[in-house]
K.L.:
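Okay, handing you the structure first.
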Amino acid sequence: MLAVLRCVIRRDLLLAARRRSDVLTVLLFFVIVVSLFPLGAGPEPALLRTIAPGVIWVAALLASMLALNRLFAQDHADGTLEQMLLSATPLGLIVAAKVLAHWLVSGLPLVLMAPVLALQFDLPLPYFGVLVLSLALGTPVLSLIGAIGAALTLGVRGGGALLALLVLPLYVPVLIIGAGAVEAMASGLGAQAYLLLLAAFLVVAAAFAPWVAAVALRISVE
Amino acid sequence: MNWGGWSDFFAMGGYAFYVWGSYAVTFGLLVMEIVLLLRRRRKARAQLVLSRGRRNP
Amino acid sequence: MLEAVDLRCERGARTLFRGLGFRLRGGELLRVTGANGTGKTSLLRIVCGLLAPAQGEVRWHGGDIRVLREEFWGRLVYIGHANAIKDDLTAAENLAVSCTLGGSSADDAQVRAALRQLGLAGCEDLPVRALSQGQRRRVALARLVPSGAVPLWVLDEPFTALDAAAVDVVQQLISGHVAGGGAVFYTTHLEASIAAAVSLCIDLDRGAG
Amino acid sequence: MKGNINWFKYSSPQTFYPLAGTLAPWFGALAAVFGAAGLYIGFFVAPTDYQQGEAYRIIFIHVPAAWMSMFLYLVMAFWAGAGLMFNTRLSGMMASALAPTGALFTFIALWTGSLWGKPMWGTYWVWDARLTSELILLFLYFGFMALQAAIDDARRADRAGAVLALVGVVNVPVIYFSVQWWNTLHQGASVSLTKAPTMAATMFAGMIVMAFGFWFYSIAVTLLRVRCIVLERERNSEWVTEYARDFR
């Protein structure tokens with residue numbers, strides 16, 4: 001059982017390594033979207049400092065959603081997805097492994113890049129820790145919920161925009177609590193409660209999302 | 001009955017635009033939904049007649 | 001071993017076949033023939049559990065496959081139209097992954113031996129992108145070599161895009177498997193002569209087989 | 001739409017179709033009666049609110065519409081779940097039939113909410129917790145309908161929609177409480193619609209009656225739409241061609 005999961009993760013990471021451009025496009029998209037806001041909203045530091053967490057979180061959310069169709073679409077096209085459906089290992093676990101690999105490739109880079117962008121927004125240094133921690137807890141939840149959306153819209157025309165329409169409402173709680181964590185830190189309330197809540201989201205999503213995505217996959221491949 | 005007369009009723013205490021705006025849109029949308037539904041029903045039945053014609057002309 | 005009862009399959013509004021049943025025991029070969037679009041692939045997907053039939057049931061050793069699920073899927077190798085290989089990976093990596101996924105773990109030596117048996121000596125470490133369509137099909141079919149222990153093989157058009165030599169190798173693999181007590185359920189247009197103790201046939205052209 | 005009398009007897013589209021046909025007009029009539037009664041109470045019986053003047057009368061459609069938008073989503077998720085569990089085609093059709101009416105009531109709730117916000121707080125859009133959750137609920141409805149429209153095969157569309165509806169229904173409370181939390185963090189509870197005017201008995205009665213009116217209306221419209229969906233999806237089955245014999 002474990003060998004299969006390790007094999008799936010290793011394969012996906014190998015594929016991502018072989019096609020590095022996919023990883024970079026997600027990261028560059030994240031950086032570009034964040035850099036657009038000062039151009040749009042004006043460069044005054046005071047303004048940028050207040051909108052920094054919100055902007056970085058929304059950009060991370062959009063970037064991770066952009067990378068979602070890479071999760072199943074390619075496997076569906078070349079038939080490997082059917083082999084996963086017919087494997088002796090429960091599909092939920094395979095989906096969890098794939099989502100973990102997907103997060104390592106498209107979620108983690110965002111978390112590591114966020115402090116650099118926070119500098120751009122002149123965010124006070126003590127808040128960096130909370131920002132990175134909230135993203136580290138939040139982006140896996142985005143990938144997990146996104147996996148359900150990706151599975152539902154497999155092979156459907158207009159997939160990209162449709163995926164966004166399905167998944168964005170479900171991202172709202174994660175966005176509010178995630179961006180709110182830094183906000184609460186700034187207003188002196190302390191981000192303890194928010195980070196714990198994000199961790200709770202992560203645990204619940206990790207427990208249920210892969211199985212729901214597995215059901216959705218079986219429906220889509222039929 | 002707390003209205004002086006019909007003109008008083010329609011003025012709605014100065015909030016006519018907001019009150020009638022909401023009521024008009026609400027019931028307008030409900031009526032529109034019914035109209036669209038009946039049109040969809042007519043189209044479905046026409047489709048059946050069409051396919052029946054095709055099957056045994 | 002494998003039994004189907006009163007299967008009915010619908011695609012869109014059309015009923016492809018109804019009331020179809022068969023029984024496949026160890027050491028038997030079952031071929032499905034029929035013109036294009038008569039539902040050969042759909043029947044295969046129903047037997048594998050990928051597609052739910054509109055009516056009827058598929059049983060493995062008496063148990064409904066929808067209940068057995070992973071237990072049944074562990075006893076089955078399915079090779080469909082698509083080759084289920086990744087262009088960016090090399091042939092060896094692809095085979096290693098598909099074997100692990102299928103449950104029959106194969107170490108590197110077995111993988112290379114299987115590829116050599118399918119006439120892919122020398123191409124093991126090339127990215128599959130560089131291989132021809134026939135060679136890719138061989139990589140997909142090379143999976144059969146290490147899965148001798150898996151009782152049921154379900155093959156969809158195994159011989160397409162293969163040259164005479166490859167067809168010969170695959171035929172030996174199939175008859176070897178059947179002789180060893182396994183069952184093979186396959187579709188093909190090629191008049192393949194596969195030696196087997198019992199070989200049945202379902203012809204979807206004449207309606208229910 | 002509570003369960004039918006004999007659950008499985010009416011669960012096939014063929015037997016349900018005529019039943020829906022007979023019930024729909026009755027519910028339509030009930031909707032008209034209750035709607036008229038609600039309007040009458042709302043305008044002629046309920047007193048003027050000392051604080052908000054006449055503008056508060058919008059509450060007689062805003063609150064029932066908000067209730068209906070939430071209630072219809074739950075019923076839709078129920079039918080979608082039932083369709084996924086029991087594999088009955090009709091349940092999937094019911095879910096697809098409910099979605100547009102639910103979305104309509106959500107939009108009505110938003111529209112009347114913003115028109116009510118203008119006289120009270122001077123802005124058309126108040127980032128109030130409940131209004132924001134209604135907005136997200138509207139996106140959930142659009143997501144459901146868009147997914148079903150994008151998938152051609154009816155069976156897969158129903159089952160995929162069912163998964164989305166069930167995931168959505170689990171998320172609605174989470175969304176509501178996170179928006180509530182977000183609202184208190186940023187604005188405190190000062191600006192919000194939660195402080196409804198003191199509830200005189202007649203005001204509450206007006207809302208309840210109108211809510212029933214909307215409920216009967218939803219049932220009637222859903223039954224009509226189900227009949228359309230049945231005609232569209234089952235057009236090749238024998239009973240529909242037989243039934244369509246006398247169509248002009």
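A, B, ... follow the sequence lines: proteins, then strands. Residue 1 opens every chain. Bear in mind the structure is a predicted one, so any value in this text is a computation, not a measurement.
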K.L.:
What part of C:R75 gets within 4.5 angstrom of chain A, counting heavy atoms only: side chain, backbone, both, or neither?
P.N.:
neither
K.L.:
Please lay out, stage by stage, how C:I85 and A:T80 fare under the test side chain to side chain contact (heavy atoms under 4.5 Å, CB included).
P.N.:
CA-CA 6 Å; C:I85 45 176; A:T80 35; over 6 Å; no
K.L.:
Give the minimum heavy-atom separation between C:Y78 and A:L86, together with the two atoms involved.
P.N.:
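That closest heavy-atom pairing would be CB-CD1, 3.4 Å.
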K.L.:
Under a 4.5 Å heavy-atom cut-off, does chain A meet the side chain of C:S98, its backbone, both or neither?
P.N.:
neither
K.L.:
What verdict does the side chain to side chain contact (heavy atoms under 4.5 Å, CB included) test give for A:D75 and C:K86, after you've listed the backbone C-alpha separation in whole Å, the side-chain angles of each residue and the deciding distance to 0.1 Å?
P.N.:
CA-CA 8 Å; A:D75 290 348; C:K86 285 286 177 186; 2.3 Å; yes
K.L.:
So what's closer than 4.5 Å to chain A heavy atoms on C:R11: side chain, backbone, both or neither?
P.N.:
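Neither the backbone nor the side chain of C:R11 comes within 4.5 Å of chain A.
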K.L.:
Over all heavy atoms of both residues, which pair between C:V97 and A:R11 is shortest? Give the atoms and the distance, please.
P.N.:
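Minimum heavy-atom separation between C:V97 and A:R11: CG1-CD, 3.7 Å.
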K.L.:
With a 6.0 Å cut-off (strictly less than), is the heavy-atom count around CZ of A:F29, excluding the residue itself, greater than 12?
P.N.:
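Count over threshold, so yes.
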K.L.:
Between A:R10 and C:E93 (salt bridge meaning N to carboxylate O under 4.0 Å), is one present in this structure?
P.N.:
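Answer for the salt bridge query: no.
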K.L.:
Based on non-hydrogen pairs under 4.5 Å, which of C:L51, C:D88, C:I79 is most in contact with chain A?
P.N.:
C:D88
K.L.:
For C:A52, is it the side chain, the backbone, both or neither that has a heavy atom under 4.5 Å from a heavy atom of chain A?
P.N.:
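Contact with chain A: backbone and side chain both.
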K.L.:
Do the non-hydrogen side-chain atoms of C:L101 and A:I94 ever get within less than 4.5 Å of each other?
P.N.:
yes
K.L.:
Atom CD of A:Q83 and atom CZ of C:R143: how far apart are they, to the nearest 0.5 Å?
P.N.:
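Taking CD in A:Q83 and CZ in C:R143, the distance rounds to 5.0 Å.
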K.L.:
Atom CG of C:L50 and atom CZ of A:R218: how far apart are they, to the nearest 0.5 Å?
P.N.:
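Here the interatomic distance stands at 7.5 Å.
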K.L.:
Start with the C-alpha gap between A:R18 and C:R129, add the side-chain angles, then the distance that decides, and say whether side chain to side chain contact (heavy atoms under 4.5 Å, CB included) holds.
P.N.:
CA-CA 12 Å; A:R18 293 271 164 82; C:R129 225 192 346 268; over 6 Å; no
K.L.:
Are C:D87 and A:D78 packed together at the side-chain level, in the sense that at least one heavy-atom pair is separated by less than 4.5 angstrom?
P.N.:
no
K.L.:
Please report the shortest heavy-atom distance between C:G74 and A:A88, naming the atom on each side.
P.N.:
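That would be CA-CB, 3.7 Å.
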K.L.:
Can C:R45 and A:E222 be counted as an ion pair, charged N to O under 4.0 angstrom?
P.N.:
no
K.L.:
If every non-hydrogen atom of C:A84 is compared with every non-hydrogen atom of A:G79, which pair is closest and at what distance?
P.N.:
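Where C:A84 meets A:G79 most closely, the heavy atoms are CB-O, 3.7 Å.
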